[in-house]
Amino acid sequence: MAGSGAGPTLRFCPESNDLLYPREDKERRVLVYFCRSCQYQEDADPKDWCVYRNEVQHTSREKTVVLQDVRSDPTLPRTRDVRCPVCTHDEAVFFTSSTEEGMTLYFS
């Protein structure tokens with residue numbers, strides 16, 4: 001009884017009218033909705049497989065703070081093969097960040 005709304009819709013058991021809860025069918029590796037009162041369960045529509053999504057948006061200021069903090073992180077790799085074009089210092093800390101657009105290599 002899914003609607004065409006923007007988010008997930010509540011589903012109810014046709015036998016007991018109780019709320020249906022999502023869970024994974026581990027054998028078939030699919031999402032199902034089940035009733036806690038009786039044995040009723042139904043397969044979720046593939047468009048409902050994403051139950052929750054948390055997207056975090058960072059401001060440029062937050063990214064800058066991260067870059068400043070990495071300089072003092074002793075667990076990150078360092079190199080002397082890169083010279084800073086601004087201060088001409090010859091040691092850099094580096095790390096990568098992967099996104100949907102590709103991978104970025106940061107030197108600080």
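All of these numbers come straight from a predicted model, not from anything done at the bench.
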Would a 4.5 Å heavy-atom cut-off, applied to side chains only, mark [X] and [Y] as touching?
X	Y	answer
Phe34	Leu20	no
Asp25	Leu31	no
Cys13	Ser37	no

Any chance you could measure [X], atom [atom1], to [Y], atom [atom2], to the nearest 0.5 Å?
X	Y	atom1	atom2	value
Cys35	Tyr21	SG	OH	9.0 Å
Arg23	Gln41	CZ	CD	5.5 Å
Arg78	Glu91	CZ	CD	5.5 Å

* To do: Quick one: list whatever passes salt bridge (Lys or Arg N to Asp or Glu O under 4.0 Å) with Asp18, sequence neighbours left out.
  =>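 For Asp18, no residue satisfies salt bridge (Lys or Arg N to Asp or Glu O under 4.0 Å) once neighbours in sequence are set aside.
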
Tell me, please, which residues at least two apart from [X] pass side chain to side chain donor-acceptor pair (under 3.5 Å).
X	result
Tyr40	Glu42
Glu24	none
Arg36	none
Asp43	Arg28

* Contact summary for Lys26 and Arg29, nearest pair of heavy atoms ->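 Closest pair (atom of Lys26, atom of Arg29, distance): O-CG, 3.5 Å.
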
